[in-house]
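As structure tokens, the structure follows; a few thoughts come after it.
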Amino acid sequence: MNITLHVIDDDDRSRKLAADVLASQGFTVHASGTAAQAQEQLLARGADLVLLDIQLPDSDGFALIAWIHAQPSLADVPVVALTASVMPAYRGRIEECGFAGYIAKPLTSVRQFVQTVCGHLPEALQAQVPTHLRPPAATR
């Protein structure tokens with residue numbers, strides 16, 4: 001599989017868990033703990049999908065997604081919120097800001113996490129995803 005993901009989360013354990021789980025499934029995974037690190041790495045390496053924590057020490061996910069979508073090389077990259085804040089009002093703001101979806105923390109199901117990530121990959125990459133990692137057709 002030739003799919004690159006980028007996990008942006010300031011919590012070391014959450015970032016490592018998400019990155020390790022995805023890498024164990026065959027994805028290439030890069031990770032950042034701050035918005036500044038993410039910007040540098042995304043410009044240098046790109047990504048096919050970004051998992052973005054909303055609360056970062058040097059910015060927030062809403063500002064960072066705007067920056068990502070403003071970059072010509074990243075404008076079409078889906079960004080999925082990875083957040084512990086899933087109240088209805090917060091979810092509305094996530095949708096309004098252009099996130100492709102959200103994943104609630106803490107992660108409670110590895111399978112569901114991986115399937116959700118795979119479900120947000122661009123259509124052009126779906127064929128590379130092994131069948132067992134794809135979400136059920138009804139949830140796409």
Side-chain angles (χ1 to χ4, degrees):
M1 190 166 34
N2 187 20
I3 298 174
T4 301
L5 308 176
H6 196 105
V7 178
I8 305 164
D9 194 328
D10 64 318
D11 183 82
D12 293 338
R13 288 178 292 189
S14 293
R15 183 176 63 247
K16 182 168 175 26
L17 175 63
D20 288 352
V21 165
L22 295 166
S24 75
Q25 300 302 312
F27 294 99
T28 299
V29 183
H30 302 291
S32 302
T34 68
Q37 290 171 348
Q39 289 170 327
E40 183 180 324
Q41 289 187 25
L42 285 167
L43 287 176
R45 298 177 174 162
D48 295 308
L49 182 136
V50 173
L51 295 168
L52 175 56
D53 186 16
I54 298 298
Q55 297 178 349
L56 298 169
D58 59 339
S59 184
D60 66 35
F62 300 113
L64 189 52
I65 191 175
W67 178 88
I68 290 169
H69 287 159
Q71 306 310 304
S73 63
L74 301 170
D76 295 326
V77 173
V79 180
V80 177
L82 184 61
T83 181
S85 302
V86 292
M87 294 183 303
Y90 217 66
R91 286 193 309 238
R93 186 162 181 215
I94 286 169
E95 291 172 15
E96 290 170 7
C97 289
F99 284 89
Y102 74 92
I103 297 171
K105 292 190 298 185
L107 303 178
T108 57
S109 166
V110 168
R111 180 182 178 139
Q112 184 177 13
F113 171 62
V114 173
Q115 287 181 335
T116 302
V117 168
C118 290
H120 288 293
L121 288 168
E123 277 298 313
L125 298 175
Q126 291 292 327
Q128 292 184 44
V129 177
T131 306
H132 72 280
L133 297 180
R134 294 179 189 170
T139 62
R140 277 196 186 169

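Note that this is a predicted model, so its numbers are computed, not measured.
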- Quick one: pull up CD in Gln25 and CD1 in Ile3 and give me the separation to the nearest 0.5 Å. 12.0 Å
- Item | Considering all heavy atoms, the nearest Asn2-Gln128 contact | N-OE1, 2.8 Å
- Item | Listed partners of His30 passing side chain to side chain donor-acceptor pair (under 3.5 Å), at least two apart | Arg45
- Note on the structure: Smallest heavy-atom separation, Asp12 atom then Arg15 atom, equals OD1-NH2, 2.6 Å
- Looking at side-chain heavy atoms only, is the closest gap between His132 and Arg111 below 4.5 Å? no
- Please name the pair of heavy atoms, one in Asp9 and one in Ser14, separated by the smallest distance, quoted to 0.1 Å. OD2-CB, 3.3 Å
- Item | Pairwise distance CD(Gln37) to CG(Asp10) - rounded to 0.5 angstrom | 10.5 Å
- Query: Out of curiosity, Leu52 CG to Ile103 CD1, how far, rounded to the nearest 0.5 Å?
  - Reply: 11.5 Å
- Thr34 and Leu56, any side-chain heavy atoms less than 4.5 Å apart: no
- Query: Tell me, do Phe27 and Leu49 make a side-chain contact under 4.5 Å, heavy atoms counted?
  - Reply: no
- Short question: side chain of Gln126, backbone of Leu121 - any donor-acceptor pair under 3.5 Å? yes
- Identify, with sequence neighbours excluded, every residue that meets side chain to side chain donor-acceptor pair (under 3.5 Å) alongside Asp20. Lys16
- Can you list the residues that meet the side chain to side chain donor-acceptor pair (under 3.5 Å) rule with Asp48, with sequence neighbours excluded? none
- Task: Search all heavy atoms of Ala38 against all heavy atoms of Leu64 and return the closest pair with its distance.
- Result: CB-CD2, 4.2 Å
- Item | Beyond-backbone contact of Val80 with Val117, side-chain heavy atoms, under 4.5 angstrom | no
- Query: Does Gln71 use its side chain to pair, donor to acceptor, with the backbone of Trp67 at less than 3.5 Å?
  - Reply: yes
- Message: Within the 4.5 Å heavy-atom criterion, are Leu42 and Val77 side-chain neighbours or not?
- Response: no
- Please check if the side chain of Gln115 supplies one atom and the backbone of Leu133 the other of a donor-acceptor pair under 3.5 Å. no
- Message: As an exercise, state the distance from OG1 of Thr83 to CG of Leu51, rounded to the nearest 0.5 Å.
- Response: 12.0 Å
- Message: I need the minimum non-hydrogen distance between Asp58 and Ala35, along with the two atoms involved.
- Response: OD1-N, 2.9 Å
- Message: Return the OG1 to CG distance between Thr28 and Leu5, rounded to the nearest 0.5 Å.
- Response: 8.0 Å
- Task: Decide, yes or no, whether a salt bridge links Lys105 with Asp53 under the criterion of side-chain N to carboxylate O below 4.0 Å.
- Result: yes
- Task: Assess whether side-chain contact (heavy atoms from CB on, under 4.5 Å) is satisfied between Leu82 and Leu107, documenting all intermediate values.
- Result: CA-CA 9 Å; Leu82 184 61; Leu107 303 178; 4.2 Å; yes
- Query: Is any side-chain heavy atom of Ile54 closer than 4.5 Å to a side-chain heavy atom of Phe99?
  - Reply: yes
- Message: Side chains of Ser32 and Gln39, heavy atoms from C-beta outward: is any pair under 4.5 Å?
- Response: no
- Item | Closest contact, heavy atoms only, Val7 versus Ala18 | CG1-CB, 4.1 Å
- Task: Please examine the side chains of Phe113 and Leu17, heavy atoms only from C-beta on, and report whether any two atoms are closer than 4.5 Å.
- Result: no
